[in-house]
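I have placed the structure first, in the form of structure tokens, so that the comments after it can refer back to it.
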Amino acid sequence: MWFSGITSRPSFSLGGFMNKVRVRFAPSPTGYLHIGGVRTAIFNYLFARRYGGTFVLRIEDTDRERSNKDAVDQIIDSMRWLDLDFDEGPIFQSERSDLYQAQINKLLDEGKAYKCTCTAEELDAKRKKAEAEKRNYTYDGTCRDLDPSRDLGTTLFTIRFRNPRVAPDSFKDLILGRIPIDKNKLDDWILVRSDGSPTYNFCVVVDDADMGISHVIRGNDHVDNTPKQIQLYQALDLPVPEFAHMPLTHGPDGSKLSKRREQEYREQGISVSVQEYRNMGYLPHALVNYLTRLGWSHGDQEIFSRKELTELFSLEHVGRSSGIMNPDKLKWLNAQYLKESDDADLADLLVPFLAELGIETTADQRLQKIVHPLKERAKTLPEMAQMSKYFFVAPESYEAKGIKKWWKATAAESVRRVRDQLDDLNLDDETALEEAFRKLADELTDGKLGKVAQPIRLALTGVTFSPSLFTIIAILGREESQRRLDRALATIGKE
RNA sequence: GGCCCCAUCGUCUAGCGGUUAGGACACCGGCCUCUCACGUCGGUAACAGGGGUUCAAGUCCCCUUGGGGUCACCA
């Protein structure tokens, strides 16, 4: 049994599609890749991998006005960044007009579609009138029963679907359960525009059928399109795929993510645009992990490797309510991935972020050493770059509160002693360094290592928090460390 | 407004009739400690409301409320 009640959800089964799962991601190239779009791409990708199926990328560019090549590149680039490799495509709808034409002719020949000469203005007026009268607007069928062989001359016309006015009572959704179909909304919708271009709902059906798509996994905003698409499948005598409508993604305030509020989002650490996450210093796999987990779950687990994701993902555990982007959790996840990252990889990734701070460097050994203690402290790459600043430039000023607390006159002695001891110590031996510091503490500060360390930390970094002092000294080197200590000595206890 | 969908801590969620309602982020404390962070231990915090069904309801049904989606010659 697929379902046991009207609102219960069906249990998932591959049914007749065993071993031939084919899914697709079908964005329209009208701008950068939307974060909500990525989520549907991820779910499709994961679904394909999970069931050994095929993931295809189709570009929905039937609207020539708004589509552009640049957007296509951005979409593919973003998918590559996220490691969402597709098996087929990109397939461009704009290049498949013959296919659409053939299906249109078939419908026309069979009387399942007809030419309509109503103008956009007329239609608009009727729609407004219906609205004013608080009526539901559907096409009134003015051209429905006219003689198909009448001579239209040069009159522009659209091609409409001759709605058979019969449809199932409901359709099955793998995520939502059973969705009722409202017969009152079934009308003669437009298949081909007056400029000859096919419409979305028509192309989707023809394409999905032609490409052998077994499961249509898409956003919730398409549920109302599904009935009319099912009717078309039936009119075309094509097999109807399975449908799965996933919940949408919302902003922190609970409303739909809108491009207009991008500025606001950025300040909170999120964005509508995928590529912006790269700029904000998020790791692609952390983003994918986050987006997947937003709306899907596997018990209490939060962190999933790509392998786990492709082995565990299933539609049954996709939630039905929309999710709100939570920057804090995204950052936390990112931090988890950062922590587990390879030093060399991180060094590579960090270079451009350092450049943004005016620090030109390469991902050399030294940078790898710097990155190592920082990766468990930073949540994002820019944050890490910021933290590593003092490894490249000596502090120009010192934290005021730190000066007050740690640079009392008595601190001068320990700073001076450390400065001198650096002459004889092997800086690469952090335990030896620590030992020396501890001895000093025993002697000067009653064994309190912090009292020795903090003044020096301030002198070396300009701030009162950092990774281990010994690590810092090792990375800075003898000369630079002593220079910074000398400079500090000039001011300690002087006020 | 019509139609459709949704509803457990602030957020993401576990829960598929019997639980002290669990986990994660965030927040607050303790521990660890050269500071910060990591880590670790603990704490605050939820079943939207009302009716049913049932021996028993967060779990099933209905209504209300709230949120969302959609109503194009856009996709």
Side-chain angles (χ1 to χ4, degrees), chain A residues 5-9 26-30 60-63 65-67 93 116 118-120 123-124 127 131 134-138 156-160 173 175-177 179-182 184-185 189-195 197 199-201 203-204 219-227 245 247-248 250 252 254-256 290 293-303 317 319-333 335-336 339 373-379 387 402 406 434 437-438 441 448-454 456-458 461 463-470:
Chain A
I6 204 76
T7 54
S8 71
R9 51 198 286 165
S28 56
T30 55
E60 312 232 316
D61 55 353
T62 53
D63 183 355
E65 297 278 306
R66 302 198 304 159
S67 303
Q93 287 189 323
C116 168
C118 294
T119 65
L123 262 19
D124 221 43
R127 186 176 301 112
E131 222 167 273
K134 292 188 174 168
R135 259 173 33 235
N136 238 334
Y137 172 81
T138 48
L156 289 178
F157 61 88
T158 59
I159 298 176
R160 286 183 184 272
D173 187 287
I175 292 172
L176 299 171
I179 309 280
I181 291 177
D182 181 5
N184 298 321
K185 284 200 306 191
W189 51 283
I190 291 175
L191 303 169
V192 179
R193 302 184 187 92
S194 55
D195 68 356
S197 63
T199 59
Y200 165 77
N201 279 116
C203 293
V204 179
N220 234 334
D221 48 344
H222 285 289
V223 295
D224 289 341
N225 283 327
T226 311
H245 291 95
L248 268 19
H250 291 190
S255 66
K256 193 181 176 184
Y290 177 76
R293 188 61 185 63
L294 178 64
W296 171 81
S297 62
H298 181 72
D300 287 340
Q301 194 170 344
E302 296 288 347
I303 298 171
H317 289 99
R320 283 153 304 187
S321 51
S322 44
I324 292 174
M325 289 286 284
N326 183 339
D328 283 329
K329 187 141 186 182
L330 209 208
K331 277 184 191 155
W332 171 78
L333 247 182
Q336 300 303 309
K339 205 165 47 146
L374 257 27
K375 67 182 180 186
E376 60 188 30
R377 274 162 244 261
K379 284 185 164 31
M387 286 178 180
W406 300 108
E434 178 163 357
F437 267 69
R438 289 204 183 279
K448 299 257 199 307
L449 186 52
K451 287 197 175 179
V452 176
Q454 283 304 77
I456 290 165
R457 170 168 283 114
L458 186 58
T461 68
V463 290
T464 54
F465 58 92
S466 77
S468 163
L469 252 195
F470 317 119

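Just so we're on the same page: letters track the sequence lines, and every chain starts at 1.
Base-pair partner of C55(B): G18(B) (Watson-Crick or G-U wobble, both distances under 3.5 Å). Base-pair partner of G39(B): C31(B) (Watson-Crick or G-U wobble, both distances under 3.5 Å). Under the Watson-Crick or G-U wobble criterion, with both distances below 3.5 Å, A24(B) is paired with U11(B). Nucleotide A46(B) forms a pair with no other nucleotide shown, judged by Watson-Crick or G-U wobble geometry with both contacts under 3.5 Å. Nucleotide G66(B) forms a pair with C6(B), judged by Watson-Crick or G-U wobble geometry with both contacts under 3.5 Å. With a cut-off of 3.5 Å on both Watson-Crick or G-U wobble distances, the partner of G1(B) is given as C71(B).
Set against G39(B), U35(B), G69(B), the side chain of Gln336(A) has G39(B) as its closest nucleotide. Each of C34(B), U35(B), C73(B) was ranked by its minimum atom distance to the side chain of Ser468(A); first place goes to C34(B). In this structure, the nucleotide among U70(B), A75(B), C34(B) sitting nearest to the side chain of Asn201(A) is A75(B). Minimum atom distance to the side chain of Gln454(A) is reached by U35(B), of the listed A75(B), G39(B), U35(B).
Looking at heavy-atom distances under 4.0 Å, Thr62(A) makes contact with sugar-phosphate atoms alone, never a base. Within 4.0 Å of Phe470(A), counting heavy atoms only, lies at least one base atom of the nucleic acid. Here Cys118(A) lies in heavy-atom contact (under 4.0 Å) with a base. At the heavy-atom level, Leu333(A) lies nowhere under 4.0 Å from the strands shown. Ser466(A) comes within 4.0 angstrom of a base, heavy atoms only. Pro252(A) comes within 4.0 angstrom of no nucleic acid atom, judged by non-hydrogen atoms across all strands. Heavy atoms of Lys448(A) sit nowhere under 4.0 angstrom from any nucleic acid atom.
Across the protein-nucleic acid pair, Leu469(A) atom CG and C34(B) atom P stand 11 Å apart, rounded to whole Å. Taking atom CZ of residue Arg457(A) and atom P of nucleotide A37(B), one finds them 12 Å apart after rounding to whole Å. With rounding to whole Å, Gln301(A) atom CD is found 13 Å from A24(B) atom P. The nearest whole Å value for the distance from the CG atom in Asn225(A) to the P atom in A72(B) is 11 Å. Rounded to whole angstrom, the span from the OH atom of Tyr200(A) across to the P atom of A75(B) amounts to 10 Å. A straight line from CG of Leu330(A) to P of A26(B) spans 12 Å, rounded to a whole angstrom. Atom CD1 in Ile190(A) sits about 14 Å away from atom P in C71(B), given to the nearest Å. The nearest whole Å value for the distance from the CG atom in Leu248(A) to the P atom in G67(B) is 17 Å.
Between G22(B) and C16(B), the two P atoms lie 14 Å apart (nearest whole Å). With C1' as the reference atom, G23(B) and U8(B) are 13 Å apart, rounded to whole Å. Comparing G17(B) with U59(B), their P atoms are spaced 12 Å from each other, to the whole Å. With both ends at atom C1', the span from C5(B) to G50(B) equals 22 Å, rounded to whole Å. A gap of 15 Å separates the C1' atoms of A46(B) and A26(B), to the nearest Å. C27(B) sits 34 Å from U64(B) when the C1' atoms are compared, rounded to a whole Å. The P atoms of G42(B) and G66(B) are separated by 41 Å, rounded to the nearest whole Å. Across the C1' atoms, C41(B) and C55(B) are found 41 Å apart, a figure rounded to whole Å.
For the pair Arg127(A) and Asp124(A), the salt-bridge criterion is met [side-chain N within less than 4.0 Å of a carboxylate O].
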Checking side-chain contact (heavy atoms from CB on, under 4.5 Å) for the pair Val223(A)/Leu176(A): CA distance, chi angles, key distance, verdict? CA-CA 10 Å; Val223(A) 295; Leu176(A) 299 171; 3.9 Å; yes

At a cut-off of 3.5 Å, list every protein nitrogen or oxygen paired with a nitrogen or oxygen from nucleotides 11-17 of chain B, distance to 0.1 Å.
from: C12(B); atom 1: OP1; to: Ile324(A); atom 2: N; distance (Å): 3.4
from: C12(B); atom 1: O2'; to: Arg293(A); atom 2: O; distance (Å): 3.2
from: C12(B); atom 1: O2'; to: Arg293(A); atom 2: NH1; distance (Å): 3.4
from: U13(B); atom 1: OP1; to: Gly295(A); atom 2: N; distance (Å): 2.8
from: U13(B); atom 1: O3'; to: Ser297(A); atom 2: OG; distance (Å): 3.2
from: A14(B); atom 1: OP1; to: Ser297(A); atom 2: OG; distance (Å): 3.0

Shorter than 3.5 Å, N or O on both sides, protein versus nucleotides 1-4 of chain B: list them out with atom names.
from: G2(B); atom 1: O2'; to: Asn136(A); atom 2: ND2; distance (Å): 3.1

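Asn326(A) is listed as a side-chain neighbour of Tyr290(A), based on a closest heavy-atom distance under 4.5 Å. No side-chain heavy atom of Thr138(A) sits under 4.5 Å from any side-chain heavy atom of Lys185(A).
The side-chain hydrogen bond (donor to acceptor under 3.5 Å, both in side chains) test applied to Lys375(A) returns Asp343(A), not counting sequence neighbours.
Heavy atoms only, all atoms of each residue included: Leu123(A) and Cys118(A) are closest at CD1-CB, 3.6 Å. The two residues Leu374(A) and Met387(A) come nearest to each other via the heavy atoms CG-CB, 4.0 Å.
A residue-by-residue look at Ala453(A) and Ala120(A) shows that Ala453(A) has its nearest nucleotide of RNA chain B further toward the 5' end.
In the model, Thr199(A) has no side-chain atom that pairs as donor or acceptor with a side-chain atom of Asn201(A) under 3.5 Å.
Glu434(A) CD to Phe437(A) CZ: the interatomic distance, rounded to the nearest 0.5 Å, is 9.5 Å.
Ser28(A) contributes no side-chain N or O that, together with a main-chain N or O of Thr30(A), makes up a donor-acceptor pair within less than 3.5 Å. Of the possible polar contacts, one joining the Arg457(A) side chain to the Pro467(A) backbone as a donor-acceptor pair under 3.5 Å is found. Formation of a donor-acceptor pair under 3.5 Å by the Ser194(A) side chain with backbone atoms of Leu156(A) is not found in this model. Side chain of Thr158(A) to backbone of Val192(A): no donor-acceptor contact under 3.5 angstrom is found.
Looking at Ser194(A), its side chain comes within 3.5 Å of the base of C73(B) through a donor and an acceptor atom. A donor N or O paired with an acceptor N or O is found under 3.5 Å between the base of C36(B) and the side-chain atoms of Arg377(A).
Within the structure, every side-chain polar atom (N or O) of Lys451(A) is placed at least 4.0 Å from both OP1 and OP2 of U35(B).
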